[in-house]
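Take a look at the structure set out below.
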Amino acid sequence: MATDISVDGAGSAAGSQARILASISFAHLVSHLHILVLPPLFPFLKALLHVSYIDLGLALTAFGLVSGVTQAPVGALVDRYGARAILVGGLVLGSLSFIGLSLWLTYAGLIACGISAGLANSVYHPANYAILADKMDPARMGHAFSVHTFAGYVGGAIAPATMYFIAAHSSVSVALATAGVVGLAAAAFVAMTDVGSSKPRDLDGNQSASLRGIVTPALILLTAFFTLIGLSTGGINSFGIAALVTGYAVSASSATIALTVFLAASALGVLFGGRLADRTARHGDVAAVSFAANAVIMLLIAVAPLPTAIIICALGAAGFLTGIVAPSRDMMVRKAAPPGAMGRAFGFVSTGFNIGSIIGPLLFGWIMDQALPRWVFGISAVFMLITVALIVTTETSFLRRKAA
């Protein structure tokens with residue numbers, strides 16, 4: 001009888017964890033979907049609103065700036081008050097941002113959408129990772145992180161083709177509203193799932209609401225790492241379609257397929273990277289090798305006269321290498337996070353993505369306005385090489401300190 005109870009209890013716990021992982025992964029899918037709602041619509045929005053690419057990039061910069069400023073404080077709120085209500089609120093706000101833009105399709109509305117969607121985006125990493133760290137079996141944490149990250153990459157992968165298809169066959173407003181409705185569905189799913197208490201956690205007084213305990217050298221370096229990741233892939237995500245159309249004589253539909261392949265391959269790379277993360281502690285080496293190979297591919301795309309089919313294949317390989325890094329990245333943050341500060345730690349280091357999303361759209365938008373579309377891929381390669389240099393320098397410094 002005791003054995004039966006134990007088995008039933010284990011099965012119940014596994015089922016509960018599966019439901020939690022499903023709901024949090026759905027939320028992560030929506031977060032990446034919402035990040036990439038606007039870039040595939042840039043060709044339509046440029047014509048509709050009569051603005052430049054750098055004007056469109058400013059909306060993404062507003063998104064990144066607001067998310068970057070608010071993400072660490074939101075992480076503190078997650079650690080103090082719990083994640084569920086904050087996560088649901090972020091999903092609803094992000095959804096209403098795109099629904100509102102669909103009803104008020106002006107440049108002012110675009111900037112307002114970038115601001116409010118950026119605030120919504122600030123909740124996902126702190127809330128999601130806090131829930132996963134609290135509710136998942138530690139022995140399967142790498143698996144949970146990889147599934148969660150995979151879902152996010154799937155959201156990013158389906159965004160370009162879906163948004164472009166709906167806009168081309170219906171309207172930009174319908175595409176925006178569709179993205180909003182998907183987000184509301186995710187909010188309802190999370191709200192109906194027991195992902196944890198919304199009551200304050202019993203942490204060490206004001207420390208739970210501060211960043212003092214997480215501003216460590218390790219997390220600062222990881223923030224720089226996240227920034228470079230955001231810069232190295234942000235140009236491809238935001239202006240890859242426009243760059244291929246204007247600089248490579250690639251049709252809009254083929255360019256959309258190319259970006260979709262890049263993002264879909266990234267999702268598959270995450271699953272492979274999850275296995276690597278569980279089998280090695282040398283996560284920095286995984287990232288360095290992946291980014292070095294990726295830089296070679298990006299330089300090839302930037303300088304060589306490649307046919308469309310080869311460009312699509314090359315972007316697929318680059319996406320796979322990008323995805324491999326993600327689980328190791330997350331495990332590095334989990335290892336560096338102080339006890340009881342998972343929300344703050346992920347909120348803090350994820351501001352690196354936001355720093356990248358602040359700088360990247362303006363930089364790559366300026367490149368596009370200068371009629372240098374091939375440099376979208378060339379500059380991405382430069383950021384990847386800087387990432388490799390940072391990893392190698394950091395690993396060498398660590399080994400020297402350990403030997404001393």
Side-chain angles (χ1 to χ4, degrees), residues 20-41 60 63-64 67 71 87-88 90-99 113-114 117-118 120-129 131-132 144-167 175-190 193 229-230 233-234 236-238 240-241 256-271 273-274 315-316 319-320 322-323 325-327 329-330 346 350 353-354 356-357:
I20 292 170
L21 182 58
S23 66
I24 300 307
S25 296
F26 189 12
H28 200 213
L29 182 151
V30 169
S31 76
H32 280 242
L33 173 70
H34 282 181
I35 289 171
L36 288 175
V37 165
L38 294 178
L41 302 179
L60 300 184
F63 179 102
S67 186
Q71 193 154 206
L87 178 56
V88 171
L91 285 163
V92 171
L93 178 60
S95 300
L96 294 180
S97 299
F98 293 108
I99 292 173
C113 175
N121 182 70
S122 70
V123 312
Y124 295 117
H125 278 187
N128 287 7
Y129 282 110
I131 291 170
L132 293 176
F145 280 168
S146 65
V147 170
H148 170 261
T149 304
F150 173 77
Y153 277 62
V154 169
I158 65 177
T162 302
M163 293 297 103
Y164 184 88
F165 178 85
I166 295 174
L176 292 166
T178 300
V181 170
V182 173
L184 293 177
F189 188 15
V190 174
T193 303
I229 292 175
T233 60
I236 301 168
N237 292 343
S238 299
I241 292 176
T256 302
I257 291 172
L259 181 59
T260 300
V261 168
F262 173 80
L263 296 169
S266 298
L268 294 177
V270 166
L271 296 180
L315 284 173
F320 187 80
T322 299
V325 177
R329 174 203 72 195
D330 294 340
F346 273 100
S350 294
F353 282 144
N354 301 119
S357 65

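Quick caveat, the model's predicted, so the values are computed rather than measured. Hydrogens, waters and symmetry mates play no part in the numbers below; they use all other heavy atoms, side chains included.
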Please give me the minimum heavy-atom distance between [X] and [Y], naming the atom from each residue.
X    : Y    : answer
A187 : V88  : O-CG2, 4.0 Å
P39  : L60  : CG-CD1, 4.2 Å
F26  : A186 : CE2-CA, 3.6 Å
A27  : V190 : CB-CG2, 4.2 Å
A175 : A167 : CB-N, 4.1 Å
A265 : G316 : CB-O, 3.0 Å

Would you say the side-chain atoms of [X] pair up with the backbone N or O of [Y], donor to acceptor, closer than 3.5 Å?
X    : Y    : result
S25  : L21  : yes
S122 : Q71  : no
S23  : I20  : yes
H34  : A179 : yes

Quick check for you: to the nearest 0.5 Å, what is the distance between [X] atom [atom1] and [Y] atom [atom2]?
X    : Y    : atom1 : atom2 : answer
L33  : T178 : CG    : OG1   : 10.0 Å
H32  : Y153 : NE2   : OH    : 7.0 Å
L93  : S95  : CG    : OG    : 8.5 Å
N237 : T322 : CG    : OG1   : 9.0 Å
T260 : F165 : OG1   : CZ    : 12.5 Å
T149 : L271 : OG1   : CG    : 9.5 Å

Taking the inter-plane angle between the rings of Y129 and H148 on a 0 to 90° scale, is it parallel (under 30°), tilted (30 to 60°) or perpendicular (over 60°)?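 The rings of Y129 and H148 stand perpendicular, inter-plane angle above 60°.
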
Is the shortest heavy-atom distance from the side chain of [X] to the side chain of [Y] under 4.5 Å?
X    : Y    : value
L176 : L38  : yes
I35  : F63  : yes
L87  : I24  : yes
I229 : F353 : yes
L315 : L259 : no

